[in-house]
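Okay, structure first, notes after.
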Amino acid sequence: MKICVCPGSFDPITYGHLDIIKKAAKIFDRVIVLVVINPAKRPTFTVKERLEMINIATDDMPTVVSDCYDGLLVDYAKAVGACAIVKGLRGISDFEYEFQMALTNKKLCDSIETIFFNTSMYNMYLSSSVVRQVASFGGDISGLVPKKLHGIIKERFKRD
């Protein structure tokens with residue numbers, strides 16, 4: 001079984017994330033969407049909430065599962081028997097950082113490859129930060145995240 005890990009913060013999961021996950025699901029037998037816990041970041045949603053949103057957003061994808069981890073990504077990938085790490089690229093600005101991380105991961109574990117997928121042109125501008133900003137001002141997030149998540153996200157940013 002070919003397993004890949006799609007890591008990220010997913011704070012919250014967006015159509016851009018789902019674009020990459022769907023592409024990975026066409027190639028791999030199992031896709032693990034991994035919420036990587038970064039102590040340097042202050043997320044809006046808890047790990048539990050992010051996992052719940054991932055599960056809701058991918059409930060029609062039987063080969064996709066979610067998990068969380070707070071250590072080195074390659075250690076997790078080795079532990080679950082993954083052969084690849086899948087990363088999404090929106091544009092050139094993402095590539096430099098992601099390429100550096102891929103080379104570091106390769107140095108740490110030569111047997112795990114990093115594969116880059118470009119998001120569709122409709123999602124190139126999209127990030128979790130954009131979703132949070134639009135939601136915080138009460139804007140329309142319908143083109144940014146699945147409808148099943150609107151209530152959860154809007155509730156977090158509800159203005160009194």
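Start at 1 with the first residue, then count along the sequence. Heavy-atom basis, side chains included; hydrogens, waters and symmetry copies ignored. The structure displayed is predicted, hence computed values, not measured ones.
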*Looking only at heavy atoms, which two atoms of Pro12 and His17 are closest? And how far apart?*
O-CE1, 3.6 Å
*Taking atom NZ of Lys2 as the centre, does the number of heavy atoms from other residues, nucleotides or ligands within less than 6.0 Å exceed 12?*
no
*Give the C-alpha distance, both sets of side-chain angles, the deciding distance and a yes or no for side-chain contact (heavy atoms from CB on, under 4.5 Å) between Glu49 and Ile152.*
CA-CA 9 Å; Glu49 289 169 326; Ile152 297 168; 5.8 Å; no
*asked:* Could you tell me if the side chain of Asp29 sits less than 4.5 Å from the side chain of Ile3, heavy atoms only?
replied: no
*For residues Val31 and Cys6, report the shortest heavy-atom separation together with the two atoms involved.*
CG1-SG, 3.8 Å
*How about Asp67 and Tyr76: do any of their side-chain heavy atoms sit closer than 4.5 Å?*
yes
*Side chains of Leu34 and Leu73: does their closest heavy-atom pair fall under 4.5 Å?*
yes
_Backbone of Ser111 reached by a side-chain donor or acceptor of Lys106 within 3.5 Å_ = no
*Counting only N and O atoms by type, is there a donor-acceptor contact under 3.5 Å from the side chain of Arg156 to the main-chain atoms of Thr44?*
yes
_Donor-acceptor check, side chain of Arg50 to backbone of Asp11, threshold 3.5 angstrom: yes or no?_
no
*asked:* For the CE atom of Met53 and the CZ atom of Phe45, what is their distance to the nearest 0.5 Å?
replied: 4.5 Å
*Determine, using the 4.5 Å side-chain heavy-atom cutoff (strictly less than), whether Phe95 and Met124 are members of one ILVMFWY cluster.*
no
*asked:* Once rounded to the nearest 0.5 Å, what's the spacing between atom CG of Leu149 and atom CD of Glu155?
replied: 14.0 Å
*State, yes or no, whether a side-chain contact exists between Thr14 and Asn123 at a heavy-atom distance under 4.5 Å.*
no
_Check whether Lys148 reaches the backbone of Ile56 with its side chain - one donor and one acceptor, N or O, closer than 3.5 Å._
yes
_I'd like to know if the side chain of Asn55 and the backbone of Leu51 have a donor-acceptor N/O pair within less than 3.5 Å._
yes
*Of the non-hydrogen atoms in Val145 and Ile13, which two are nearest, and what is the gap between them?*
CG1-O, 3.4 Å
_Measuring from atom OG of Ser128 to atom CG of Leu144, what distance do you get when rounded to the nearest 0.5 angstrom?_
10.5 Å
_Would you say OH of Tyr125 has more than 12 non-hydrogen atoms from neighbouring residues, nucleotides or ligands within 6.0 angstrom?_
yes
*Heavy-atom side-chain proximity of Thr119 to Leu126 below 4.5 angstrom*: no
*Do Val86 and Val5 have side-chain heavy atoms sitting under 4.5 Å apart?*
no
*Taking the side chain as C-beta and beyond, is there a heavy-atom pair between Met1 and Phe28 under 4.5 Å?*
no
*Could you pull out the closest heavy-atom pair between Phe117 and Ile20, with the gap in Å?*
O-CD1, 3.5 Å
_Close side-chain approach of Thr114 and Lys87, heavy atoms under 4.5 Å_ = yes
*side-chain contact (heavy atoms from CB on, under 4.5 Å) between Ser9 and Lys41, worked out*: CA-CA 9 Å; Ser9 60; Lys41 288 187 176 182; 4.0 Å; yes
*For the residue pair Lys23 and Ser120, what are the closest heavy atoms and their distance?*
NZ-N, 4.0 Å
